[in-house]
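A short worksheet on the structure shown next.
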Amino acid sequence: MSLDQTLRSHIQQAVSALFNQNVEALQIQPTNQEFEGSHTLVCFPLTKISRKKPEETAEAIGRYLVEESSIVERFNVVKGFLNLVLSEKVWIETLQSIFANPSYGHLPSNGQEIMVEYSSPNTNKPLHLGHLRNNFLGWSVAEIHKAAGYQVHKVQIINDRGIHICKSMAAWSLYGDGETPQSSAMKGDHLVGKYYVEFEKVITAQANALLSKWETGNFDGIAEDIRQKYQKLNDKLSSAKNEEAKKEVSSEIKDLARSVTPIMKLASEMLRKWEQKDPATIDLWKTMNGWVYEGFQETYNKMGVDFDKLYYESDTYLLGKEEVLKGVESAVFFKKEDGSVWVDLTADGLDQKVLLRSDGTSVYMTQDIGTAILRFRDFPKITGQIYTVGNEQEYHFKVLFLILGKLGFDWAKRCYHLSYGMVDLPTGKMKSREGTVVDADDLIAEMVEEAEKQTRELGKVDELTPNEAKELFRMIGLGALKFFLLKVDPKKRMLFDPNESIQLQGFTGPFIQYTHARIRAILRKAESMNLRVSDTDLASAASLTAGEIEVIQVLSQFENKVREATKDYSPAVVANFVYDLAKTYNQFYQNIPIFNESDATKLKVRVALSRAVADAIKKAMNLLGIQVPERM
RNA sequence: GGUCCGAUAGCUCAACUGGAUAGAGCAACAGCCUUCUAAGCUGUAGGUUCGGGGUUCGAGUCCCUGUCGGAUCACCA
C-alpha cells in the first residue's frame, strides 16, 4: 500500500471512531510550503459529520492520529486545515520500498489492450511542426498507457489515396524530367512536396490566365455549363452588397477556374485511372509514395517515434464503402435520388452527412469507418482506441463515433478522440501556401545545432569522443524540443516562436537531463568508493533532513502521476512531475554535500535517494520519449 | 447565425478537478563556483486570474451575461 493510501485509511479510521460515521471522500493535499507538515486534511467538508467548528474538528482528528496512528508524529491546525507531520520512519520506509522496487513507476498489468493512432500524414508533403506535436503526443500517451499496465498497439493510417497525391503526380509527370531522390539528393518526402508546391503554382497561373480570358468574353474550349456557372457567379459578384460577400463569390469564381485548368484535369484524370487500376498510374503512384515513405521513415527515426502496425487508406476505403452499403440495406443510412448515400444525425443534434458521393466514390468519413472496423477485426481484444488528431476535427470524430454506434458496433463508445490544439507561430497559423510552415527536419536539425553550440560554449565536450559528443547533441536538442511540445496541456493551443530558439535552461528538457547526469556522476563516485547500498542499510537509518523528506515526498507521487496522466491523456502531467522532482532534488543537492557526511548510514541514505531519483527521472523522461545522458 | 474550445505576471505555461496569502520558467535586478558537474542554487520585483452579476464556510475553477480570440458546421482530407 502506498503512503498516501495508508494515511487515508488511518484518517478514515479516526473519523469513524470520533464521529461514528464512515467517509469515503477525504480531501488530502500537499501542505503549503509555509506550514510545517507534508499532508493536509481539509476539514470543512467534515463539519457536517462532526457537528463541530472546522478548527475543533481538525484538532480532534489530529489528536486521535497522533495517539493511534503509527505514522503521524505531530500536527498543527490553521483555520480548517489539519497539517500533518509524518514520522521519519515512515519516510525511510517509503524510500526503502521505492529503492527496492526496480519497476517503480510502472504499474502491474491490468489485462486491458488498447490501440493508439497518431501521425497519419498525407503523402504529398513533408512533416511539419504540427506533426511533431501530434507524434510526440501520441507516442507518449501510448507509453504512458503501457506504464499504467495496458498492452498497447501503436498505429497510423497513411492517407495514400486521393486527389492530393495525384496533384504531386501530375506536376511531376509534367515537369519532373525523371527527377528522383537519388538524382537530386533530396529526401523523398521533400521531393514530392516540391512537386505539390509546383502544382499549386501552375494551377494558380493557369486559373488566372483563364479568368482574364473569361473577363474579355473569350470562352474558347470551355464547356457550356462552366460558362453559365461563371456568368451566374459574375452577376452575383456585381450585385454583392458588402466586401465579405464579394470575397466569398470571387473565391467561388477562382475555384471554378481552378477546377477546369489543364493541370487539374490531369490530376483528376489520374485519380480516375488510379481507381480503375491503370498499371502506369499505379506504378507512378507506388514510386512516388515509396519516396515519401522513405523520407518519412528517416524523419521518424530522427524523432524516435515508431509504430507497431501501419494502415493504408488505399486498403481500407473499400471496406468502408462495403460497410456503408450494408448500412443502406439495414436502413441505417439512406440514398438520395442522385445515388449519394447519407446518414441522418438530426436526432443527435447534428446535420445530415454524406458517406458516398453520387458517383459512388468514398469520402474521408467512409475510409475512417472502414479503418475502425478493420482494426477491431485485426485486434478483437482491444477495449479501446485513441485517435490523436487535431481539434479542428472534433466534429468529424463525433460523427464517426455516432455512425459506428448506429452500425451496431458496441466498441464505438470506447473510441476516444485525443484532441489537441494547434501550434501557432507569432505570425498566426501555419499556412503552406504562404510558406510559413516550420519543417520538421529543419527544426530538429536546428535544435541539435543549438544544443551543440551551447554545449561547446560551456566547454563540456573535451572528455567525449566525437561520436559521444554527436549523440549528446542529438539527445539534448531533441529532448528540448520534445519537452517543449509536451509540457503544455494537449488541449491547449500553444505558441512557437522559431526566431527565439528553444531555451535549454529552466523548465526544459535539458535541465532535467542535466540533473540526471549530475546524479550519475555521484553514483559513479560512490561506485568508485566501493559504496554499495542494500535495503537493510536503509532500514537501520534513523533520521532524515527536511530536504531529503521533500525529495522522497515528490518521488512518492510518481505512480499517482502516471495514473493521472493516463486518465487525462496528458504527458504534460508527467512533464510537470519530472520537472518538480528534478527541481526539488537540485535544492537538496545544492544545500547538502553528499560525501561530506561522516555517518555511514546517512551517507548511504543519500546515495540511495539519489539513485532512486535518477531512476525515476529516466523512466519519466522515457515516457515522454526523451533520453537522458550519463554525462553532459 | 448554430455548436465547441480558450482568455491567469511583460512573455511562455502551472494550479492535485471547489480549498490556505494564485505558483514555475524566461526576461530584469542583486548574490553564490578551491568541495559531488553553475545547463545549477538563493533572493528582489512583477497579479483587479478579460468585464459584470450569482451560487457557499470558501470561486481562477461551478452557473448566468457581456467582450475578445480560435476551431467547426463541404459530394476536401
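C16(B) and C68(B): their C1' atoms are spaced 30 Å apart (whole Å). Comparing U61(B) with U49(B), their P atoms are spaced 10 Å from each other, to the whole Å. The separation of U44(B) from G6(B), taken at their P atoms, amounts to 34 Å, rounded to a whole angstrom. Distance check on atom C1': U48(B) versus U21(B) gives 16 Å, rounded to whole Å. On the P atoms, A15(B) is 14 Å away from U8(B), given to the nearest whole Å.
In the model, Gln393(A) has a side-chain atom that pairs as donor or acceptor with a side-chain atom of Tyr364(A) under 3.5 Å. Checking Arg474(A) against Gln627(A) by side-chain atom types alone, a donor-acceptor pair falls below 3.5 Å. Asn391(A) and Glu394(A) share no donor-acceptor pair across their side chains, judged by distance under 3.5 Å alone. Ser168(A) and Asn124(A) share no donor-acceptor pair across their side chains, judged by distance under 3.5 Å alone. Judged purely by distance below 3.5 Å, without hydrogens or angles, the side chains of Asp580(A) and Gln557(A) never pair a donor atom with an acceptor atom.
Proximity of Arg520(A) to the phosphate of C36(B): no side-chain N or O atom is located under 4.0 Å from OP1 or OP2. A sub-4.0 Å separation between OP1 or OP2 of A77(B) and a side-chain N or O of Arg357(A) is present. A sub-4.0 Å separation between OP1 or OP2 of A39(B) and a side-chain N or O of Lys453(A) is absent. The side chain of Lys398(A) places no N or O atom within less than 4.0 Å of a non-bridging phosphate oxygen (OP1 or OP2) of U3(B). Lys53(A) has no side-chain polar atom (N or O) that falls below the 4.0 Å cut-off from OP1 or OP2 of C57(B). Residue Lys492(A) has a polar side-chain atom (N or O) positioned under 4.0 Å from OP1 or OP2 of A7(B). Between Lys491(A) and G6(B) there is no side-chain polar atom (N or O) within less than 4.0 angstrom of OP1 or OP2.
Side-chain to base pairing of Gln503(A) with U12(B): no donor and acceptor N or O lie closer than 3.5 Å to each other. Residue Thr515(A) places no side-chain atom within donor-acceptor reach of the base of A39(B), judged by atom type and a 3.5 Å distance cut-off alone. Residue-to-nucleotide contacts include a donor-acceptor pair under 3.5 Å from the side chain of Thr40(A) to the base of A20(B). In terms of polar N and O atoms assigned as donor or acceptor, the side chain of Asp489(A) never comes within less than 3.5 Å of the base of A15(B) in a complementary pairing. The base of A20(B) sits within donor-acceptor range of the side chain of Gln29(A), with an N or O pair under 3.5 Å.
Pairing partner, U61(B): none, since no Watson-Crick or wobble contact has both distances short of 3.5 Å. Across all strands shown, C68(B) forms a Watson-Crick or G-U wobble pair, both distances under 3.5 Å, with G6(B). Pairing for U35(B) is absent, with no Watson-Crick or G-U wobble pair whose two atom distances lie under 3.5 Å. Base pairing of G1(B): its partner is C73(B), meeting the Watson-Crick or G-U wobble criterion (both donor-acceptor distances under 3.5 Å). A28(B): Watson-Crick or G-U partner is U44(B), with both key distances under 3.5 Å. The partner of U17(B) cannot be assigned: no Watson-Crick or G-U wobble pair with both contacts below 3.5 Å exists in any strand.
Using a 4.0 Å heavy-atom cutoff across all strands shown, Glu313(A) reaches sugar-phosphate atoms only and no base atom. Residue Met632(A) is in base contact, counting any heavy-atom pair closer than 4.0 Å across all strands shown. Within the nucleic acid shown, Leu495(A) comes within 4.0 Å of sugar-phosphate atoms alone, with no base atom in reach, counting heavy atoms only. Within 4.0 Å of Tyr514(A), counting heavy atoms only, lies at least one base atom of the nucleic acid. Heavy atoms of Ala526(A) sit nowhere under 4.0 angstrom from any nucleic acid atom. Looking at heavy-atom distances under 4.0 Å, Val488(A) makes contact with sugar-phosphate atoms alone, never a base. Within the nucleic acid shown, Gln367(A) has no heavy atom closer than 4.0 Å to any nucleic acid atom. At the heavy-atom level, Phe484(A) lies nowhere under 4.0 Å from the strands shown. Across all strands shown, Asn83(A) has heavy atoms under 4.0 Å from base atoms, whether or not it also approaches the sugar-phosphate. Note on Asp568(A): a base of the nucleic acid sits closer than 4.0 angstrom, heavy atoms only. Residue Phe595(A) is in base contact, counting any heavy-atom pair closer than 4.0 Å across all strands shown. If you check every strand for non-hydrogen atoms under 4.0 Å, Tyr395(A) touches sugar and phosphate atoms only. Counting non-hydrogen atoms under 4.0 angstrom, Ile592(A) reaches a base of the nucleic acid.
Taking a cutoff of 4.0 Å between a charged side-chain nitrogen and a carboxylate oxygen, Arg456(A) and Glu452(A) qualify as a salt bridge.
Applying the 90° cutoff around 0 to the glycosidic angle, C63(B) is assigned anti. With a glycosidic angle no further than 90° from 0, U17(B) counts as syn.
For an aromatic pair to be called close, the ring centres must be under 6.0 Å apart, and Tyr387(A) with Tyr416(A) fails this. Proximity of the aromatic rings of Tyr585(A) and Phe588(A) is defined here by a centroid distance below 6.0 angstrom, and this criterion is met.
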